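Structure record follows, encoded as structure tokens.
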Amino acid sequence: MARRLRPVGLDFVDSAPLRLVFVREVSAPPEAVYRALADDVTSWPRWFTAVTLCRPTGGGTGREVRLKGGALFRESVLAADGPVRYTYRVDETNVPGMRALLEEWRLSPAGTGTRVQWTFAADGAAPLRGALRLGRAGLGRAFRDAVTALDRRLTTAPA
């Protein structure tokens with residue numbers, strides 16, 4: 001059963017009790033990466049293997065995301081500042097112990113490519129925070145694999 005989380009603002013990315021930050025450089029330009037993140041949300045399952053469904057809601061002001069294993073997230077987009085930042089807050093989830101969750105994707109030029117930074121900012125019960133800290137390596141691997149697959153998809157796509 002999905003539960004409502006505490007609504008947090010953009011400042012939560014810096015003030016969350018748990019912040020996991022991952023960075024990777026890719027060869028695709030920031031504009032292409034941003035379009036894939038923010039405009040083509042239905043394609044996320046094609047490059048982010050943990051995601052089984054991603055669809056826009058509310059005319060693009062929100063998203064519904066399902067992950068392998070059954071996690072469900074109903075989200076509000078807080079910032080869509082292309083091609084620099086894409087940030088969303090989870091409003092409802094079925095993940096036990098979660099109190100607040102915000103994810104921010106920051107993009108910046110890196111030569112002819114893009115530096116992609118993903119911040120996972122969360123608050124939850126102590127067991128959840130501990131599990132997320134222990135799962136940091138797995139989240140990092142999922143991010144790295146997803147961004148690599150996205151870059152491959154963007155750089156091999158026909159023009």
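Owing to the predicted nature of the structure, the values given are computational and were not obtained by experimental measurement.
For Arg133, the salt bridge (charged side-chain N to carboxylate O under 4.0 Å, His left out) criterion is met by no residue, not counting sequence neighbours. Residues meeting the ring-ring contact (aromatic ring centres under 6.0 Å, His included) test with Phe73, sequence neighbours left out: none.
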Q: Step by step, work out the side-chain hydrogen bond (donor to acceptor under 3.5 Å, both in side chains) result for Trp118 and Glu103.
A: CA-CA 7 Å; Trp118 176 49; Glu103 296 180 40; 3.0 Å; yes
Q: Show your reasoning for whether side chain to side chain contact (heavy atoms under 4.5 Å, CB included) applies to Arg153 and Arg46.
A: CA-CA 9 Å; Arg153 179 179 170 81; Arg46 294 186 195 120; 3.3 Å; yes
Q: Please report the C-alpha distance between Arg89 and Leu101 in whole Å, then the side-chain angles of each, then the deciding distance to 0.1 Å, and finally whether the side chain to side chain contact (heavy atoms under 4.5 Å, CB included) criterion is met.
A: CA-CA 6 Å; Arg89 170 189 67 218; Leu101 177 59; over 6 Å; no
Q: Any chance you could lay out the side-chain hydrogen bond (donor to acceptor under 3.5 Å, both in side chains) test for Thr148 and Arg24, step after step, and finish with the verdict?
A: CA-CA 9 Å; Thr148 299; Arg24 186 153 184 97; 3.1 Å; yes
Q.
If you apply the rule side chain to side chain contact (heavy atoms under 4.5 Å, CB included), what do you find for Thr119 with Arg19, and how did you get there?
A. CA-CA 7 Å; Thr119 302; Arg19 294 178 68 251; 4.1 Å; yes
Q. Hey, mind stepping through Glu104 and Arg85 against side chain to side chain contact (heavy atoms under 4.5 Å, CB included) and telling me if it holds?
A. CA-CA 7 Å; Glu104 179 178 73; Arg85 173 174 69 164; 3.1 Å; yes
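The pair Asp123-Arg6 meets the salt-bridge criterion, since a charged nitrogen lies less than 4.0 angstrom from a carboxylate oxygen.
Atom CZ of Arg136 is surrounded by more than 12 heavy atoms from other residues, nucleotides or ligands within 6.0 Å.
Exactly one residue among Leu107, Thr114, Leu154 makes a side-chain contact (heavy atoms from CB on, under 4.5 Å) with Val26. That residue is Thr114. Checking each of Thr87, Asp91, Thr61 against Ser76 for a side chain to side chain donor-acceptor pair (under 3.5 Å) leaves exactly one that passes, namely Asp91.
Atom CZ of residue Arg74 and atom CD of residue Glu64 lie 5.0 Å apart, to the nearest 0.5 angstrom. If you take OG1 on Thr49 and CG on Leu67, they are separated by 10.5 Å, rounding to the nearest 0.5 Å.
Cluster annotation: Met98 is not connected to Phe12 through the hydrophobic network of ILVMFWY side chains, with a link wherever side-chain heavy atoms come within less than 4.5 Å. At a threshold of 4.5 Å between side-chain heavy atoms, the hydrophobic network of Ile, Leu, Val, Met, Phe, Trp and Tyr places Leu102 and Val116 in two separate groups. Put simply, Val90 and Val13 are part of two different groups of oily side chains (I, L, V, M, F, W, Y) that touch within less than 4.5 Å, one to the next. If you chain together hydrophobic residues whose side chains sit under 4.5 Å apart, Tyr34 and Leu78 never meet in one group. Leu72 and Leu128 fall into different hydrophobic clusters, where Ile, Leu, Val, Met, Phe, Trp and Tyr are joined by side-chain heavy atoms under 4.5 Å apart, directly or via other members.
With 3.5 Å as the limit, one finds no donor-acceptor pair spanning the side chains of Thr57 and Arg63.
Between the side chain of Asp145 and the backbone N or O of Phe48, no donor-acceptor pair lies under 3.5 Å. A donor-acceptor distance shorter than 3.5 angstrom exists from the side chain of Asp151 to the backbone of Ser27, with no hydrogens or angles considered. Side-chain atoms of Lys68 never come within 3.5 Å of backbone atoms of Thr52 as a donor-acceptor pair (strictly under, hydrogens ignored). Arg99 contributes no side-chain N or O that, together with a main-chain N or O of Ala122, makes up a donor-acceptor pair within less than 3.5 Å.
Between Tyr86 and Trp105, the gap from one ring centroid to the other reaches at least 6.0 Å.
Leu18 and Arg129 get closest at one heavy-atom pair: CD2-O, 4.2 Å. The heavy-atom pair separating Trp44 from Cys54 by the smallest distance is CB-CB, 3.9 Å. For the pair Phe22 and Gly140, the tightest heavy-atom approach, listed with the atom from each and the gap, is CE2-CA, 3.3 Å. Shown here for Ala16 and Ala121, the closest heavy-atom pair between the two residues is CB-CB, 3.6 Å. Contact record, Gly60 with Val77: O-CG2, 3.9 Å, taken as the closest heavy-atom pair. Taking each heavy atom of Leu132 and Leu20 in turn, the nearest pair found is O-CD1, 4.0 Å.
Side-chain contact check for Arg35 versus Asp40: every heavy-atom pair is 4.5 Å or farther apart. Thr42 has its side chain within reach of Pro56: a pair of non-hydrogen atoms, C-beta onward, lies under 4.5 Å apart.
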